Amino acid sequence: FNTERFGQHILKNPLVAQAIVDKANLRPTDRVLEVGPGTGNLTMRILEKAKSVTAVEMDPRMAAELTKRVQGKPEQRKLDIIIGDFVKATLPYFDVCISNTPYQISSPLIFRLLSHRPIPRIAILMFQREFALRLVARPGTNLWSRLSANVQLYAKVDHIMKVGKNNFRPAPQVESSVIRLVPIDPPPPVKFEEFDGLNRILFSRRNKTVHGNFMAKGVIDMLEKNWRTWCAATGKMIEDDVDMKAKIEKILEETGNTEQRPAKMDVDDLLKLLSAFHDAGIHFA
Ligand code: SAM
């Protein structure tokens, strides 16, 4: 195991560790998921407040250290350690997720949390600053991106704390930030793959017009293929002279999106556009 590869930067500042746990407003009934507990600086504080903790840790040596830390204490019975890769682990029920995340798995962590059922109440997560700022970015700002839109479709995200590199041992190369993620419950009835498929097209050049992005190489062919599959599946007749480009342009025109720029479109604009495509039988995934 190698510090850089597994992002083993231990949070050494007790004030920051306590602040992270406090931000979750834990209830005595809460079951908490922690990803990458390391030596347990957050874990011990979570155990004080919550009903139980499941901690997923990939490094057996770290897991052993954490086990040692609770051994013989009342907390021992409240802690369940899963040794393995979070990305592959089967997750238990949990109300809250708290994690000083190994930054390599930032994206998978976010999207696993958002697709977990039942929906967790809240997550307090430490990320690399740049990633955190993209998560919370608003439409019309520099960092508004496919990631921002995909996450904000399902959750309210706020930046709550900056954490400098010197709070960690060893100090990482990058600055960090803590964010709060509150999933929207019930979630909007949109298939993630569809919304993401649209965003993939739009945000490949976010300052270009929507029309320009749809005219990019391969996009029309891909959408026509999806449309034909949909027609076959729903028994819809396909006319002889299909003009997919015209179909797409009509939708963009009718929804007022031709000259829009993705950099300025909010989640609602994106959802409306997606829904207009779906009405025409055009799918993105
Ligand atoms: N939570 C501790 C703290 O705040 O001091 C440690 C944080 S350290 C940045 C990240 C931890 O995640 C390390 O203990 C590392 O071994 C573990 N880790 C790395 N990749 C992982 C993965 N894919 N699944 C589970 N744990 C992982």
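Just follow the structure's listing: the first ligand is 1, and inside any ligand the first atom is 1. The model shown is predicted, which means the values in this text are computed figures rather than measured ones.
When atom types are taken as modelled, the side chain of Trp144 and the backbone of Val136 share no donor-acceptor pair closer than 3.5 angstrom. The backbone N or O of Arg129 lies less than 3.5 Å from no partner atom in the side chain of Ser177, so there is not a single donor-acceptor pair.
Of the charged side-chain nitrogens involved, at least one lies within less than 4.0 Å of a carboxylate oxygen, so that Glu254 and Lys250 count as a salt-bridged pair. Using a 4.0 Å cut-off between charged side-chain N and carboxylate O, Asp196 and Arg200 make a salt bridge.
At least one N or O atom of Phe86, backbone or side chain, sits closer than 3.5 Å to an N or O atom of ligand 1. Of the N or O atoms in Ile10, none lie within a sub-3.5 Å distance of an N or O in ligand 1. When only interatomic distances are considered, the shortest N/O to N/O separation between Asn100 and ligand 1 falls below 3.5 Å. For Thr39, no nitrogen or oxygen atom sits less than 3.5 Å from a nitrogen or oxygen atom of ligand 1, counting backbone and side chain alike. Remark: ligand 1 and Gly7 share no N or O pair separated by less than 3.5 Å (distance only, no angle test). Some N or O of Gly36 is nearer than 3.5 Å to an N or O of ligand 1, by distance alone.
Rounding to the nearest 0.5 angstrom, the gap separating the CG atom in Asp95 from the CG atom in Leu26 is 9.5 Å.
Contact atoms of ligand 1 toward Asp59: 16 (O) (distance under 4.0 Å to a heavy atom of the residue). Listed by atom number, the atoms of ligand 1 under 4.0 Å from His9 heavy atoms are 7 (C), 8 (S), 9 (C). Heavy-atom proximity to Asp85, at under 4.0 Å, picks out these atoms of ligand 1: 22 (C), 23 (N), 24 (N). Heavy-atom contacts of Val56 reach the following atoms of ligand 1: 25 (C), 26 (N) (cutoff under 4.0 Å).
Side-chain polar atoms of Asp59 and Gln8 form a donor-acceptor pair below 3.5 angstrom.
Other residues, nucleotides and ligands place more than 12 heavy atoms under 6.0 Å from the CG atom of Asp279. Atom CZ of Arg31 is surrounded by 12 or fewer heavy atoms from other residues, nucleotides or ligands within 6.0 Å.
Of the candidates Glu34, Lys12, Met126, Glu57, the one placing a heavy atom closest to atom 16 (O) of ligand 1 is Glu57.
Listed by first and then second residue, the side-chain hydrogen bond (donor to acceptor under 3.5 Å, both in side chains) pairs involving residues 66-76 are Asn41-Arg69 (not counting sequence neighbours).
A heavy-atom separation below 4.0 Å is found between Gly84 and ligand 1. In this structure, Val87 has no heavy atom closer than 4.0 Å to ligand 1.
Counting heavy atoms closer than 4.0 Å to ligand 1, residue Pro37 contributes backbone atoms (N, CA, C, O) but none from C-beta onward. Residue contacts with ligand 1 for Asn41 involve side-chain atoms from C-beta outward but no N, CA, C or O (heavy atoms, distance under 4.0 Å).
Taking Ala123 as the reference, Cys97, Leu113, Leu125, Leu181 meet the side chain to side chain contact (heavy atoms under 4.5 Å, CB included) condition, with sequence neighbours excluded.
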